[in-house]
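Quick note on labels: first sequence line is chain A, next is B, and so on, each numbered from 1. Predicted model, so just to flag it, every value in this text is computed and none were measured.
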2 protein chains.
Amino acid sequence: MKKMRVRFKLWLNTKNVEGVFGDGKWRLLRAIDSEGSLNAASKALRISYRKAWGDMSKAEACLNVALLERHRGGRMGGATCLTEQGKEWVKAYTKFRSEIEKAAEKAFKKHMEKLIK
Amino acid sequence: MKKMRVRFKLWLNTKNVEGVFGDGKWRLLRAIDSEGSLNAASKALRISYRKAWGDMSKAEACLNVALLERHRGGRMGGATCLTEQGKEWVKAYTKFRSEIEKAAEKAFKKHMEKLIK
DNA sequence: TTTCGATATGTCGAATCGTGCATAACCATA
DNA sequence: TATGGTTATGCACGATTCGACATATCGAAA
């Protein structure tokens, strides 16, 4: 009996743009929320700052929503936190994703497990 | 009101190997079933024969299941069809995937739609 | 006013992945 | 037995993605 696991990736598309929001950006938003800066968040997730910054820019531009409140300068260099809308996106996506994950586990047990040998 | 769509990708991992089965291989199996050969299937899906062949090899090797019955030679060159096990995998995965897709649409409407502006 | 660490952005190189191409083996049928 | 289209497989090239760097900017606090 081999051990197998379901994996999935979720994202949202607009008419023109692929991946305006998804698992990666969701994780990044959460990390920014807990770490207090984009820089620290990128380190926590072990992705480059360059990518983290690009991802957030893309999301905000494509969703036409201000997810982040960015601060530059100061002795501590700056900081970034979530706007109310950013927090709402995190909350909603968390529930959204969690329901799908549950459905995936359930469906796996129901349909796939019997095939694994 | 921007139009947005959910997208997802599903796959299965074993302990050691990433992606031993998933959406791509499922589509490929179905195409082989309807087209009658790996070659025709790869053309129908517009992927290279090279990749199609590699994907099927990987799946069979990692799942330790014979999904395909391959025939070489003959005036028509050969053919490939699904084994009974191959058909079972297609059937099961189709149901599996469909349940998750439904859950995703439902969850999107429930949690995400309100955020889109 | 100097400082220091974070934000902001462009660029080039490395890794990953698929395609294209080449070639061999195969064998039912004409 | 000659043929032709498919399976089988290696390899090099091209695209796409991401990370590593290199700067530039910013501004509250020392």
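- If you measure from atom CG of Leu68(B) to atom P of dT6(D), you get 16 Å, rounded to the nearest angstrom.
- Counting only heavy atoms from C-beta on, Arg75(A) has its side chain closest to dA28(D) among dA8(D), dA28(D), dC21(C).
- Contacts of Gly78(B) with the nucleic acid, taken as non-hydrogen atoms under 4.0 Å apart, involve only primed sugar atoms and P, OP1 or OP2.
- Met76(A) and Leu38(A) fall into different hydrophobic clusters, where Ile, Leu, Val, Met, Phe, Trp and Tyr residues are linked whenever their side-chain heavy atoms come under 4.5 Å apart, directly or through other members.
- Residue Trp53(B) has no polar side-chain atom (N or O) positioned under 4.0 Å from OP1 or OP2 of dT7(D).
- For the pair Lys51(B) NZ and dA15(D) C1', the computed distance is 15 Å after rounding to whole Å.
- Residue Ser57(A) is out of contact with every strand shown, counting any heavy-atom pair closer than 4.0 Å.
- Atom CZ of Arg7(A) has more than 12 heavy atoms from other residues, nucleotides or ligands within 6.0 Å.
- Comparing Ala52(B) and Gly77(B) by the nucleotide of DNA chain C that holds the closest heavy atom to each, the one mapping nearer the 5' end is Ala52(B).
- Ion pairing between Lys91(B) and Glu88(B) fails under the 4.0 Å rule for side-chain N and carboxylate O.
- Taking atom CG of residue Asn39(B) and atom P of nucleotide dA25(C), one finds them 20 Å apart after rounding to whole Å.
- Residue Lys43(B) is the one, among Lys43(B) and Gly74(A), whose nearest nucleotide of DNA chain D lies closer to the 5' end (criterion: closest heavy atom).
- Straight-line distance from the CE atom of Met76(A) to the P atom of dA30(D): 10 Å, rounded to whole Å.
- Summary of the strand contacts: Ser48(A) and Gly73(A) both lie near DNA chain D, and taking for each the nucleotide with the nearest heavy atom, the more 5' one is attributed to Ser48(A).
- Between Glu35(A) atom CD and dT7(C) atom P the separation is 12 Å, expressed in whole Å.
- Rounded to whole Å, atom P of dT6(D) lies 14 Å from atom CZ of Arg72(B).
- Across dT9(D), dT19(C), dC26(C), the shortest atom-to-atom separation from the side chain of Ile47(B) is found for dT19(C).
- Between Trp26(A) and the choices Phe96(A), Trp89(A), Trp11(A), Phe21(A), the side-chain contact (heavy atoms from CB on, under 4.5 Å) rule is met once, by Phe21(A).
- Listed pair Arg70(A) / dA8(C) meets the phosphate criterion, a side-chain N or O lying under 4.0 Å from OP1 or OP2.
- With dA8(C), dT9(D), dG19(D) as the candidates, the nucleotide lying closest to the side chain of Arg50(B) is dT9(D).
- Listed nucleotides: dA8(C), dT19(C), dC26(C). Nearest to the side chain of Tyr49(A): dA8(C).
- Applying the side chain to side chain contact (heavy atoms under 4.5 Å, CB included) test to Ser98(A) and every residue at least two apart in sequence or in another chain returns Lys102(A).
- Comparing dT7(C), dG19(D), dT7(D) against the side chain of Leu38(B) picks out dT7(D) as the nearest.
- Atom pair Arg46(A):CZ and dA20(D):P shows a separation of 12 Å (rounding to whole Å applied).
- Residue Thr80(B) places none of its side-chain N or O atoms closer than 4.0 Å to OP1 or OP2 of dT6(D).
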